[in-house]
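Notes for the one structure printed next.
A quick note: this is a predicted structure, and the numbers were derived from the prediction, not measured.
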Amino acid sequence: AEASFVMADIPGVIEGASEGVGLGHDFLRHVERCRLLVHVVDIAGSEGRDPLQDFDVLNRELAAFNPELASRPMLVAGNKCDLASEEQQEAFAAAMREKGYEYFPMMAAIAHGTRELTNRCAALLAVISAAVTVVFQLLKEPMLLLFGASGNTIGYAADYLGVYLWGTLFVQVSLGLNNFITTQGFSTYSMATVVIGAVTNIVLDPIFIFGFVMGVKGAALATILAQGVSALWVLSFLRGRRTRLRLQARCLRLRWSILAPVVAIGVSPFIMQSTESLVNIALNSSLKHYGGDLYVGAMTIASSIMQVLWMPFQGLAQGAQPIIGYNYGAGSLDRVKRCFSLMLRFSLLLSVAGWAAVELFPGVFVALFNNKPELVALTVRVLRIYMAGFFMMGLQSACQQTFVALGQARVSLFLALLRKVILLIPLIYLLPLLLTGNQVFAVYLAEPAADLLAATATGLVFLRRFPRILEARRKQLGA
């Protein structure tokens with residue numbers, strides 16, 4: 001599960017834009033698709049303009065083009081504060097408060113304001129890390145049992161988690177703060193964060209597991225040390241010369257007025273990720289009940305293989321969404337159709353190829369994760385069942401992600417929840433009650449059943465709504 005959003009950077013909308021002046025209609029069509037409007041205002045008036053007058057003109061043009069735009073949530077970022085006098089800064093801030101807008105002073109040239117946000121987020125990550133470490137250390141055994149650990153495996157699981165939790169801060173820093181590197185355009189550096197951690201982990205695993213004879217505790221220790229190396233890599237950049245979002249110890253304090261919007265934005269993806277945990281709990285607890293530890297292990301391998309095969313869909317969708325969204329906003333609806341058609345064909349090609357490879361050569365995939373004959377034989381058998389509906393995932397992904405690109409976030413969210421929460425979790429518990437002859441088989445069958453039903457439903461919804469969305473947009477552009 002995932003969440004995403006599309007941002008439109010609209011250049012200067014001038015007076016008369018609502019009547020088509022200065023390509024106004026082309027720009028304003030994109031604004032119609034935005035759920036939140038952020039005004040970036042030059043409060044210094046560095047080009048000899050009055051920022052308050054410009055702000056009022058822009059809002060009048062928005063209301064004239066589409067009255068509904070004037071009622072949408074708006075934030076105001078006052079830029080070039082370093083060039084504005086104290087009187088200008090205070091006057092503009094007072095005017096925004098009087099108008100009822102939330103106001104954020106910024107200096108893009110020196111990253112003023114964004115640095116504070118970076119430091120506040122870093123402080124919040126540290127607090128969350130401490131809380132997670134304490135709470136999960138206290139509840140680790142009940143939590144592991146909930147996720148499918150048994151009397152035979154709880155000792156190993158508790159040993160691993162008990163060590164791993166002490167590295168929670170490293171994980172939060174390397175994953176969370178790495179986004180602040182990507183945001184500044186240093187994508188290669190942020191990618192290196194992941195690669196360094198992975199390579200370090202691969203090198204350290206055999207050293208601690210076999211060299212120091214530490215077993216699963218050694219695996220956990222290798223993992224957190226690798227994450228620690230990644231965290232140091234991230235911190236060295238955010239404290240170095242190249243960054244514009246510098247971490248400063250004196251600024252590492254919580255400030256709810258700044259963090260509240262960050263938390264609000266993160267709630268949706270957090271909920272979507274939480275559904276994955278609910279699915280894991282349902283699958284593992286059912287398999288433990290009907291089959292035992294070996295079947296739980298087979299499910300872990302099968303779900304890992306599906307996750308790897310799902311990743312290309314995410315990359316394809318992330319590349320296609322901005323293109324579809326831009327052309328939809330610009331009114332190039334034929335390009336929207338062509339882009340969707342291209343994404344659909346490639347997605348189906350990926351899903352059918354992945355499905356065929358797993359169905360024909362399951363042993364090749366399973367051997368990447370384990371070499372114990374009994375577990376390999378079982379996983380090969382159940383993997384074919386578990387992945388039986390994967391060939392339809394190209395349709396599911398292409399249609400669902402296109403809904404996101406077209407601004408139909410609620411429909412996309414419903415379709416994502418349909419597959420995992422509405423269909424899969426109930427089927428995990430329902431099918432074993434119906435197929436009493438082989439209840440373990442019934443648990444594995446829940447995944448392809450949910451995949452096929454969800455993909456079919458998504459395709460039908462898309463077939464019905466997609467032409468209507470484009471037609472409504474065409475009428476809107478004509479008006």
Worksheet item: Minimum heavy-atom separation for Ala317 to Gln401, with atom names?
Response: CB-CG, 3.4 Å

Worksheet, complete the sentence: Nearest heavy-atom contact between Ile224 and Phe170 is O-CD1, 3.4 Å

Discussion item. Assess the residue pair His39 and Leu75 against the criterion (side-chain contact (heavy atoms from CB on, under 4.5 Å)); give the C-alpha distance rounded to whole Å, side-chain angles, the decisive distance to 0.1 Å, and a yes or no.
Written reply: CA-CA 6 Å; His39 295 271; Leu75 301 176; over 6 Å; no

Item to complete: Give the minimum heavy-atom separation between Ser397 and Phe313, together with the two atoms involved.
Response: OG-CB, 3.7 Å

Discussion item. Is the shortest side-chain heavy-atom distance between Leu435 and Leu445 below 4.5 Å?
Written reply: yes

Discussion item. Please determine whether side-chain contact (heavy atoms from CB on, under 4.5 Å) holds for the pair Met387 and Leu309, giving the CA-CA distance in whole Å, both sets of side-chain angles, and the decisive distance to 0.1 Å.
Written reply: CA-CA 10 Å; Met387 296 286 291; Leu309 293 176; 3.6 Å; yes

Discussion item. Please tell me whether Phe390 and Trp355 form a close aromatic pair, meaning their ring centres lie under 6.0 Å apart.
Written reply: no

Worksheet item: Do other residues, nucleotides or ligands put more than 12 heavy atoms under 6.0 Å from Arg335 CZ?
Response: no

Fill in: Passing option when Thr200 is tested against Val203, Ile202, Ile196 for side-chain contact (heavy atoms from CB on, under 4.5 Å)
Ile196

Item to complete: Verify the ring-centre separation between Phe403 and Phe466: is it less than 6.0 angstrom?
Response: no

Worksheet entry | Parallel, tilted or perpendicular: ring planes of Tyr189 versus Trp233, cut at 30 and 60 degrees | parallel

Worksheet item: Heavy atoms, side chains only, cut-off 4.5 Å: are Phe180 and Ser190 in contact?
Response: no

Fill in: Spacing of Leu383 atom CG and Arg381 atom CZ [to the nearest 0.5 Å]
12.0 Å

Worksheet item: Would you find a donor on one side and an acceptor on the other, under 3.5 Å apart, between the side chain of Ser286 and the backbone of Ala282?
Response: yes

Fill in: Polar contact flag, side-chain donor to acceptor under 3.5 angstrom, Asp293-Ser150
yes

Discussion item. With a 4.5 Å cut-off on side-chain heavy atoms, are Val382 and Phe441 touching?
Written reply: no

Worksheet item: Looking at CG of Leu348 and CZ of Phe346, how far apart are the two atoms once the value is rounded to the nearest 0.5 Å?
Response: 11.5 Å

Item to complete: Inspect the contact between Arg474 and Glu471 and indicate whether a charged nitrogen and a carboxylate oxygen are less than 4.0 angstrom apart.
Response: yes

Discussion item. Please find the pair of heavy atoms, one from Gly389 and one from Pro448, that lie closest to each other, and give the distance.
Written reply: N-CB, 3.6 Å

Fill in: Contact summary for Leu287 and Tyr295, nearest pair of heavy atoms
CD1-O, 3.7 Å

Discussion item. Is it the case that atom CD in Glu68 sees more than 12 heavy atoms from other parts of the structure closer than 6.0 Å?
Written reply: yes

Fill in: Residue list, ring-ring contact (aromatic ring centres under 6.0 Å, His included) with Phe104, at least two apart or on another chain
none

Item to complete: Scan side-chain atoms only and decide if Ser174 and Gln227 contain a donor-acceptor pair under the 3.5 Å cut-off.
Response: yes

Worksheet item: Just wondering, are more than 12 heavy atoms of other shown residues or ligands nearer than 6.0 Å to CD in Gln439?
Response: yes

Worksheet item: Heavy atoms, side chains only, cut-off 4.5 Å: are Val194 and Ser230 in contact?
Response: no

Practice prompt. With the side chain counted from C-beta on, respond yes when Glu359 and Phe391 share a heavy-atom pair under 4.5 Å apart, and no when they do not.
Written response: no

Worksheet item: In Å, rounded to the nearest 0.5 Å, how long is the span from OG of Ser274 to NZ of Lys420?
Response: 13.5 Å

Worksheet entry | Neighbour count above 12 (heavy atom, 6.0 Å) for Glu374 CD | no

Worksheet item: If we ignore angles and hydrogens, is there a donor and acceptor under 3.5 Å between the side chains of Thr458 and Gln400?
Response: no

Item to complete: Begin from the C-alpha positions of Ile301 and Leu375 and carry the test side-chain contact (heavy atoms from CB on, under 4.5 Å) through to its verdict.
Response: CA-CA 10 Å; Ile301 296 174; Leu375 180 57; 4.0 Å; yes

Fill in: Side chain proximity check, Ile324 to Met343, heavy atoms < 4.5 angstrom
yes

Response to the item:
For Arg345 and Ser341 the tightest heavy-atom approach is NH1-OG, 2.7 Å

Discussion item. A side-chain contact here means heavy atoms from C-beta on lying under 4.5 Å apart; do Leu333 and Arg473 qualify?
Written reply: yes

Worksheet item: Tell me, do Ser285 and Tyr429 make a side-chain contact under 4.5 Å, heavy atoms counted?
Response: yes

Item to complete: Say whether, by atom type as modelled, one donor and one acceptor occur between the side chain of Lys288 and the main chain of Val296 under 3.5 angstrom.
Response: no

Discussion item. Please check: side-chain N/O of Asn201 versus main-chain N/O of Gly197, any donor-acceptor pairing under 3.5 Å?
Written reply: no

Fill in: Separation of Leu283 CG from Leu278 CG (nearest 0.5 Å)
11.0 Å

Worksheet item: Any side-chain donor-acceptor pair under 3.5 Å between Arg419 and Gln396?
Response: no

Worksheet item: Can the ring centroids of Tyr164 and Phe136 be said to lie less than 6.0 angstrom from one another?
Response: no

Worksheet item: Between atom CG of Leu238 and atom CD1 of Ile181, what is the distance when rounded to the nearest 0.5 Å?
Response: 5.0 Å

Worksheet entry | Intermediate values then yes/no, side-chain contact (heavy atoms from CB on, under 4.5 Å), Ile469 and Tyr328 | CA-CA 10 Å; Ile469 292 170; Tyr328 177 74; 3.6 Å; yes

